[in-house]
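As structure tokens, the structure follows; a few thoughts come after it.
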Amino acid sequence: MPRFSIVTPVHDPPEPVLRAMLASVRAQAFGDWEHCLVDDGSTDSSPARAEAAGAVVIAQPRNLGLGAAVRRGPAEAMTNQPAAGLYLD
């Protein structure tokens with residue numbers, strides 16, 4: 001089980017932004033983490049690109065908004081400590 005979870009809500013992010021964000025997360029020196037990308041009903045290929053980069057994709061069935069995506073991330077993350085999450089938005 002990872003020590004902490006990095007939770008990132010997304011909805012159809014531009015390709016360069018998604019690529020830079022995923023690279024930034026992967027570049028962290030501390031290795032005991034998971035990256036949970038909450039896909040808020042994207043209609044592009046961002047969930048597949050994130051999964052290919054090693055992120056755990058948590059899919060919303062449709063665009064439910066930032067609040068719903070932010071709440072869902074910790075509920076689905078593997079980290080079982082509420083204070084052990086980090087949001088990137």
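All values below were derived from every heavy atom in this structure, side-chain atoms included, with hydrogens, water molecules and symmetry-related copies excluded.
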Under the side chain to side chain donor-acceptor pair (under 3.5 Å) rule, collect the residues that match up with D40, sequence neighbours excluded.
none
Interatomic distance, S45 atom OG to E51 atom CD [nearest 0.5 angstrom]
12.5 Å
Residues P13 and D44: closest non-hydrogen pair is O-OD2, 3.6 Å
Hydrophobic cluster identity match, L37 and L64, side-chain contacts under 4.5 Å:
no
Residues in side chain to side chain contact (heavy atoms under 4.5 Å, CB included) contact with A20, at least two apart in sequence or another chain:
none
Here the pair of heavy atoms bringing L18 nearest to S46 is CD2-CB, 3.5 Å
Should Q60 and V38 be marked as a side chain to side chain contact (heavy atoms under 4.5 Å, CB included) after you check the CA-CA gap, both sets of side-chain angles, and the distance that decides it?
CA-CA 7 Å; Q60 300 270 63; V38 182; 4.1 Å; yes
Return the CD1 to SG distance between I6 and C36, rounded to the nearest 0.5 Å.
9.0 Å
Heavy-atom closest pair, residues P61 and R72:
CD-NH1, 4.3 Å
Determine the minimum heavy-atom distance between L22 and A50, stating which atoms define it.
CD1-CA, 3.8 Å
List in chain and number order the residues that pass side chain to side chain contact (heavy atoms under 4.5 Å, CB included) with E15, two or more places apart in sequence or in another chain; answer none if no residue qualifies.
R19, R49
Listed partners of T43 passing side chain to side chain donor-acceptor pair (under 3.5 Å), at least two apart:
D12
Name the atoms and distances for all side-chain donor-acceptor pairs under 3.5 Å in residues 26-33, with sequence neighbours left out.
residue	atom	partner	partner atom	Å
Q28	NE2	S24	O	2.7
D32	OD1	R3	N	3.3
W33	NE1	F30	O	2.6

Taking all atoms of both residues into account, what is the closest heavy-atom pair of V7 and G73, and its distance?
CG1-CA, 3.7 Å
Excluding sequence neighbours, so at least two apart, what forms side chain to side chain contact (heavy atoms under 4.5 Å, CB included) with A59?
none
Once you round to the nearest 0.5 Å, how far does CE of M21 lie from OG1 of T8?
4.5 Å
Are the side chain of R71 and the backbone N or O of G67 linked by a donor-acceptor pair below 3.5 Å?
yes
